[in-house]
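Both backbone and side-chain heavy atoms feed into the values below; hydrogens, waters and symmetry mates do not. For clarity, every value in this text was computed on a predicted model and none was experimentally measured.
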Amino acid sequence: MRVLICEDSVLLREGLVRLLAHSGHQVVADLPEASGLMDFLETASAEEFPQICILDVRLPPTYTDEGIRAALELRKKYPDLPVLVLSQYVEERYASELISTQSSAIGYLLKDRVADVSEFIASLEQIAGGGTILDQEVVAQLLTRRNHDDRMQNLTDRERTVLAALAEGKSNQAIAALLFLSEASVEKYITSIFQKLGLEADGTGNRRVLAALAHIETLGTNRTDRTGS
């Protein structure tokens, strides 16, 4: 797998390069800032063009939102290019912006997750294959902040746990093992969740998860707008 890295921390950037190389992946570019990102992609040959991009949320020169802005631009210009955003802390606004752009091949993880090499590589490969991976802490904040919504209040505690696990990219089998349930029970919970949220359970896995989170985000935004008006 060809990987592009955009990370200002030398230690983390070099660590990612070595980690990926050791796992059999090719790092086609490791950039310290986002300014050269588009130039590289526009001039890259077919052998150089990345199959996934890893970006830090905060990059030079201001260390505010350069990374997430670059990720959003990538999604707009190259919608089929998988993107993984790494962040030091949960930044809900950035996570919400990112997941609202596309329903597949996208990820948002805390940098601490890189320490678990096997899980990080598995997440990276899942995103590159069209999956969606959201850090469990990001999911928790997105769901907790919208608990006031009537539809979210209709979910039981168990359904919330299942929804959070779905949003992390876990399969039905993995959720069943995590929660000590049968796969049939997990399927029933998933069906109930989407019925309560007014979303059709269409069997597309990660697409359904993102649709649920995007829908919840929209409800929260609309309520905020009405409150402020």
Side-chain angles (χ1 to χ4, degrees), residues 1-60 63 65-91 94-95 97-99 101-138 167-171 205-207 210:
M1 183 168 61
R2 297 183 301 277
V3 184
L4 180 150
I5 300 170
C6 192
E7 165 62 55
D8 66 292
S9 168
V10 175
L11 289 177
L12 181 55
R13 190 171 67 248
E14 292 299 324
L16 286 171
V17 170
R18 294 186 182 187
L19 182 158
L20 290 166
H22 182 73
S23 300
H25 301 299
Q26 177 190 2
V27 177
V28 294
D30 55 304
L31 309 174
E33 56 184 82
S35 59
L37 180 59
M38 287 302 172
D39 287 341
F40 176 85
L41 294 175
E42 290 170 1
T43 59
S45 65
E47 293 75 20
E48 295 173 325
F49 198 86
Q51 293 169 299
I52 186 169
C53 294
I54 303 174
L55 296 94
D56 189 356
V57 165
R58 298 176 181 271
L59 290 169
Y63 296 95
D65 60 357
E66 282 86 352
I68 196 68
R69 293 301 162 205
L72 293 172
E73 187 178 357
L74 279 179
R75 298 300 282 180
K76 182 177 181 180
K77 191 163 187 177
Y78 301 98
D80 296 326
L81 179 59
V83 173
L84 169 61
V85 171
L86 297 177
S87 179
Q88 188 68 42
Y89 310 102
V90 177
E91 303 193 60
Y94 296 152
E97 283 188 75
L98 187 65
I99 65 176
T101 60
Q102 283 276 356
S103 57
S104 61
I106 202 158
Y108 187 106
L109 292 175
L110 296 184
K111 291 183 178 181
D112 290 349
R113 309 306 180 200
V114 179
D116 189 332
V117 175
S118 60
E119 185 173 341
F120 176 74
I121 292 296
S123 296
L124 193 67
E125 292 173 346
Q126 186 171 338
I127 295 165
T132 299
I133 299 290
L134 300 178
D135 196 281
Q136 58 187 5
E137 292 190 29
V138 173
E168 291 170 29
K170 288 182 171 59
S171 65
N206 289 314
R207 186 177 297 275
L210 240 342

Novice: Quick one: closest heavy-atom pair of Ser123 and Leu109, and the distance?
Specialist: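 Taking Ser123 first and Leu109 second, the nearest heavy atoms are CB-CD1, 4.2 Å.
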Novice: Which pair of non-hydrogen atoms, one from Cys53 and one from Leu81, has the smallest distance, and what is that distance?
Specialist: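 Result for this residue pair: SG-CD2, 3.6 Å.
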Novice: How long is the straight-line distance from CG of Asp8 back to CG of Leu31, given to the nearest 0.5 Å?
Specialist: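 Rounded to the nearest 0.5 Å, the CG-CG separation comes out at 12.0 Å.
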Novice: Roughly how far, to the nearest 0.5 Å, is CZ of Phe120 from CG of Leu19?
Specialist: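 The distance works out to 6.5 Å.
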Novice: If you compare all heavy atoms of Ile52 against all heavy atoms of Ala128, which two are closest, and at what distance to 0.1 Å?
Specialist: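 Answer, listing the atom of Ile52 first, then Ala128: CD1-N, 4.0 Å.
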Novice: Does any pair with a residue in residues 26-53 pass ring-ring contact (aromatic ring centres under 6.0 Å, His included), and if so which ones, sequence neighbours excluded?
Specialist: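 Residue pairs with at least one partner in residues 26-53: Phe49-Tyr78.
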Novice: If you compare all heavy atoms of Ile127 against all heavy atoms of Pro82, which two are closest, and at what distance to 0.1 Å?
Specialist: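 Taking Ile127 first and Pro82 second, the nearest heavy atoms are O-CB, 3.7 Å.
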Novice: Quick one: pull up OG in Ser9 and CD in Gln88 and give me the separation to the nearest 0.5 Å.
Specialist: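 The distance works out to 9.0 Å.
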Novice: Using 0.5 Å steps for rounding, measure from the CG atom of Leu37 to the SG atom of Cys6.
Specialist: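 That separation rounds to 5.5 Å.
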Novice: Once ring-ring contact (aromatic ring centres under 6.0 Å, His included) is applied, what residue pairs with a partner in residues 6-32 remain, sequence neighbours excluded?
Specialist: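 Those involving residues 6-32 do not exist here.
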Novice: Could you list the residues that satisfy side chain to side chain donor-acceptor pair (under 3.5 Å) with Thr43, not counting sequence neighbours?
Specialist: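 With sequence neighbours excluded, Thr43 shows a side chain to side chain donor-acceptor pair (under 3.5 Å) to no residue whatsoever.
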Novice: Any pair with a residue in residues 11-29 that passes salt bridge (charged side-chain N to carboxylate O under 4.0 Å, His left out), sequence neighbours left out, goes on the list, sorted by first then second residue, please.
Specialist: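 The answer is Arg13-Asp30.
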Novice: Once side chain to side chain donor-acceptor pair (under 3.5 Å) is applied, do any residues pair with Glu33, and if so which ones, sequence neighbours excluded?
Specialist: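 Checked Glu33 against side chain to side chain donor-acceptor pair (under 3.5 Å); matches are Ser35.
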Novice: Could you tell me if the side chain of Val3 sits less than 4.5 Å from the side chain of Leu16, heavy atoms only?
Specialist: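 A side-chain contact is absent here, since even the closest heavy-atom pair is not under 4.5 Å.
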Novice: Check salt bridge (charged side-chain N to carboxylate O under 4.0 Å, His left out) between Glu42 and all other residues, then give those that pass, not counting sequence neighbours.
Specialist: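 Per chain and number, Glu42 pairs via salt bridge (charged side-chain N to carboxylate O under 4.0 Å, His left out) with Lys77.
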Novice: Sort and list the pairs that fulfil salt bridge (charged side-chain N to carboxylate O under 4.0 Å, His left out) and have at least one residue in residues 104-124, not counting sequence neighbours.
Specialist: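 Salt bridge (charged side-chain N to carboxylate O under 4.0 Å, His left out) check on residues 104-124 returns Glu7-Lys111, Asp56-Lys111, Arg113-Asp135, Arg113-Glu137.
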Novice: Contact between Ile121 and Leu20 at the side-chain level, heavy atoms closer than 4.5 Å - yes or no?
Specialist: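 They are in contact (side-chain heavy atoms under 4.5 Å apart), so the answer is yes.
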Novice: Quick one: CD1 on Ile106 to CG on Leu84, what's the gap to the nearest 0.5 Å?
Specialist: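 Output value for this atom pair is 9.5 Å.
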Novice: If the condition is side-chain contact (heavy atoms from CB on, under 4.5 Å), which residues does Gln51 pass it with, not counting sequence neighbours?
Specialist: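 By the side-chain contact (heavy atoms from CB on, under 4.5 Å) rule, Gln51 matches Met1, Arg2.
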Novice: Enter the distance from Ile68:CD1 to Glu73:CD here, rounded to the nearest 0.5 Å.
Specialist: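 So the gap between those two atoms works out to 12.5 Å.
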Novice: Of all heavy-atom pairs between Ala71 and Val83, which one has the smallest distance, and what is that distance?
Specialist: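 Scanning both residues completely, I find the closest heavy atoms to be CB-CG1, 4.1 Å.
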Novice: Give the minimum heavy-atom separation between Leu59 and Gly67, together with the two atoms involved.
Specialist: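 Nearest pair, atom of Leu59 first, then Gly67: CD1-CA, 3.6 Å.
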Novice: Is the backbone of Val57 close enough, under 3.5 Å, to the side chain of Arg69 for a donor and an acceptor to pair up by distance?
Specialist: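 Answer holds: no.
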